[in-house]
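Here is the naming used below: chain letters follow the sequence lines, and residue numbers restart at 1 for every chain. None of these values were measured; they are calculated from a predicted model.
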Amino acid sequence: MPTIKIDGKEIVVESNTTIIEAAKKLGIDIPVFCYHEGLSIAANCRMCLVEVEVNGRKFNKPLPACHTIVSEGMSVLTDTPKVKKTREGVLEFLFLNHPIDCPICDQAGECYLQDHYMAHGGYESRLDTEKVRKNKAVPIGEYVILDSERCVLCSRCVRFTKEISKTEELGIFNRGNHSEIGVVTGKSLDNEYSLNVVDICPVGALTSRDFRFKKRVWYLKSTPSICSGCSMGCNSFVEYENGIIYRVKPRENKDVNGWWMCNEGRLLYHQINNNRLTTTLTKGSEISQKEALSKFADIIKSHKNSSDKIGVVLSTHLSNESAYAVKSFFKDYFGVKSFYINNKKDGKSDDFLIKKDKNPNRIGVSLIIGTNSIDKTLKEAVKKHETLIFWGGEISSEFDSIESDLKKVKNIILFATNKNILTDIADISFPITSIVQERGTFINVQNRLQQFYPIEKHQALTYNPTDKGVAQITSITQRIYTPIEWLVNLSKKMDYNYSLDSIFKVFTQMRKEIPQFTNIEYKDIGLNGFLLKEK
Amino acid sequence: MAKKGIVVSKHKYTLSEKLYYPEIFKGMGVSIRHFFANIFKKKYTVTLQYPEQKESYTERFRGKHRLMTREDGSLRCVACMMCATACPAECIYIEAEDVGDSLVEKRAKLFVIDELRCIFCGLCVEACPTDAIRMDTGEHVEPEYTREAFIYDKKKLLQKTGRSVAIQGGDSDYIHKN
Ligand code: SF4
Ligand code: SF4
Ligand code: SF4
Ligand code: SF4
Ligand code: FES
């Protein structure tokens, strides 16, 4: 365990650490282009050069911090005139043929070149010949667009396709000034993870076709979330403005998804933005919330002495807290015993992130319902019950086989995020918030409890941009409630005293009842999740 | 820490001000002087027959906005949102679109300025990297009957357009040779 000094600050690190990792621990920022924690080290950009002394003897030349392993007695200087000069020099070379497209470049605002130039450049251009021109705005796959002029040839993208997606579509072609990133002949950048190259490209050379020109990045706010695309539960950031989501980016969590995320999960946000259920409906046509609630209350009251005629179907998209609240509401107040899980169809999978189980919280919901009390399948449910209450409107894998029987069920009550065939069938549909609009937890395939947070101003989702943007009016006709809020509304309607009105109260209750949760405090879950013990 | 401020002493009335009438007659005197000047010495007339006659403003007067076009008549704005970001009144709303050719790439699909909210600071003009927006029309925003009419869209902003050959993207060869 060598002890080293960086800019006079001492730190003890593991023996195989690089200078840049040690500096990160000390909070010292070293500018980089090619270094990425999740990829191999290429050390080709030379932006990270620092001066190194070992036992008082200085190396003649600066060394790359991303590639130099620390040794006992090493002293690193990151702020000397020589280091400043090298950084300026490296930047000047990188900018030689750079088009400075910032006004039309989607990367502007989060671009390493811009940031480094402001911090370490600031020189006047000395170039008086013409810049080398390369290809601009070439789509290289379904989701990615390449601008070779902006590329700094850091090779992050090439290393990604080689090491992470293992598809090897990208390479660097030609020599010298004319080197450029390209797709290997006969291929296109169409792997399941291709959008990650957009995140790791430090400049605007690779940009997303989905996000292209939609929003300048400095307007976006970011909230930590969990992807609900499959049971992996990749950690993500949801980036939005005025309640509308513009993109989703992976959030680093070495235990789950590393730095990556699949394309499908990223583009799932379209479902959260579009085709949402925003008002209470009956058989597809709008009714007032009040009316819907009293209808619902009447239906439940009519089953006062026949609670076995009520079946509750929980979607695997419900958070643990919502699922628990729903269960306790119907079990404790109405004596409902039949709970079902609405599983989604299995999908494609691979040996990296994508899992075939497309239910983000199947494990959590089954834990809460308790596997013994689950009546086997929806097929039996539709025959057995007069009233079915669906929490979550996902189309189940059994849907095709139960559709005709479902239509025969007397009362179907649905709580759903999106409009689909179920909202047309249901006698009453209530809009509920989606994963980005509420706080809660999921349990992923690794048995890890992970939490997600709500974005601000979630009710703005029904907002219609008009032609004259400034005069936008948000046309919210009804508020969208979380499942727990709906339960509270309903209990008020029926004059019950329902106490579990916040997720924290639900969580405390859950800890008492479910052994796996006993020793977790909500605040312990943190951003990286909490691995549950098998019981 | 207590806030520092400037001490402003209250104006002390002089004797003639306190007496009231001398000041009234002084004021009347000014009006009467102008009245006779207007009648007898046309050259010194201070009244303008607005709107037929107009005071000319300095060139730097910040008036109504206009959008500029390139030599080929297309809109210079590339929807970079610099103006919207700089605007302290947050009255510029832009939506970008993909042009589909690799030379210009991006342009404004919507460009809206709410002239009622605008405080005519000129920061948008200063921020624009492409000389696409100017406030050199020398005109005031015209009065309107409704608030909506003050929301200027692309069409209205282009009414007073002009060609600008300012260097775009910092590389003069770029627009001419390509
Ligand atoms: S890559 Fe960076 S410096 Fe280059 S045009 Fe884009 S934002 Fe500007
Ligand atoms: S395209 Fe981006 S990630 Fe790939 S080499 Fe160029 S700058 Fe690096
Ligand atoms: S003049 Fe000032 S307030 Fe008016 S649009 Fe421009 S930046 Fe905004
Ligand atoms: S700053 Fe200029 S180019 Fe950019 S959006 Fe505004 S008017 Fe258009
Ligand atoms: S970051 Fe070290 S050489 Fe590129």
Side-chain angles (χ1 to χ4, degrees), chain A residues 95-109 111 114 117 124-125 127-140 145-150 204 207-220 241-242 244 246 463-473, chain B residues 76-87 89-118 127-132 146-156 167-174 176-178:
Chain A
F95 269 117
L96 268 188
N97 291 314
H98 196 83
I100 329 259
D101 273 342
C102 309
I104 55 163
C105 178
D106 266 344
Q107 191 82 4
C111 172
Q114 286 184 329
Y117 181 81
E124 284 288 315
S125 170
L127 184 78
D128 49 14
T129 55
E130 237 182 82
K131 291 189 178 189
V132 176
R133 298 266 163 244
K134 291 177 193 166
N135 295 326
K136 288 188 86 70
V138 191
I140 54 170
I145 198 159
L146 166 73
D147 188 311
S148 293
E149 282 185 354
R150 298 182 194 149
T207 48
S208 157
R209 293 176 79 181
D210 177 58
F211 181 63
R212 189 167 164 83
F213 303 158
K214 292 253 171 72
K215 203 87 221 157
R216 296 306 251 164
V217 296
W218 55 85
Y219 289 118
L220 295 175
E241 198 210 4
N242 278 335
I244 294 176
Y246 287 93
Y463 137 139
N464 296 321
T466 57
D467 278 352
K468 299 208 160 187
V470 186
Q472 270 168 4
I473 311 152
Chain B
R76 282 184 75 85
C77 173
V78 293
C80 68
M81 313 272 175
M82 287 296 138
C83 50
T85 308
C87 178
E90 297 190 3
C91 62
I92 308 181
Y93 180 86
I94 301 164
E95 257 173 48
E97 82 183 330
D98 199 336
V99 183
D101 82 74
S102 68
L103 188 61
V104 182
E105 287 192 40
K106 193 182 178 190
R107 74 174 163 221
K109 184 167 75 180
L110 284 184
F111 195 111
V112 185
I113 302 183
D114 187 343
E115 297 284 352
L116 266 193
R117 270 171 81 169
C118 173
C128 182
T130 65
D131 188 28
T146 58
R147 282 169 188 273
E148 287 74 32
F150 285 100
I151 298 172
Y152 282 24
D153 56 9
K154 215 156 76 176
K155 209 170 119 209
K156 214 159 175 191
I167 295 161
Q168 190 160 346
D171 188 350
S172 59
D173 296 338
Y174 198 46
H176 300 303
K177 289 199 180 145
N178 283 282

Participant: So how far is it from B/Glu105 CD to A/Asp106 CG, rounded to the nearest 0.5 Å?
Facilitator: 9.5 Å
Participant: Mind checking ring-ring contact (aromatic ring centres under 6.0 Å, His included) for A/Phe213 and listing every partner two or more places apart, or none if nothing turns up?
Facilitator: none
Participant: Quick one: which of B/Cys77, B/Cys128, B/Pro129 gives a side chain to side chain contact (heavy atoms under 4.5 Å, CB included) with A/Pro103?
Facilitator: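 Exactly one candidate clears the test, B/Pro129.
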Participant: So, taking the atom named CZ in A/Arg216 and the one named OG1 in B/Thr85, what distance separates them when rounded to the nearest 0.5 Å?
Facilitator: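 Spacing of CZ (A/Arg216) from OG1 (B/Thr85) equals 8.0 Å.
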Participant: Working to the nearest 0.5 Å, report the span between NZ of A/Lys214 and CG of B/Asp98.
Facilitator: 10.5 Å
Participant: Testing the basics here: between A/Tyr219 and B/Met81, what is the closest heavy-atom pair and its distance to 0.1 Å?
Facilitator: OH-O, 3.8 Å
Participant: Non-hydrogen atoms of chain B under 4.5 Å away: do they reach the side chain of A/Asp147, the backbone, both or neither?
Facilitator: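 Looking at A/Asp147, just its side chain touches chain B.
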Participant: Which heavy atom of A/Ile104 sits nearest to which heavy atom of B/Val104, and what is that distance?
Facilitator: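 Heavy atoms of A/Ile104 and B/Val104 come nearest at CD1-O, 3.8 Å.
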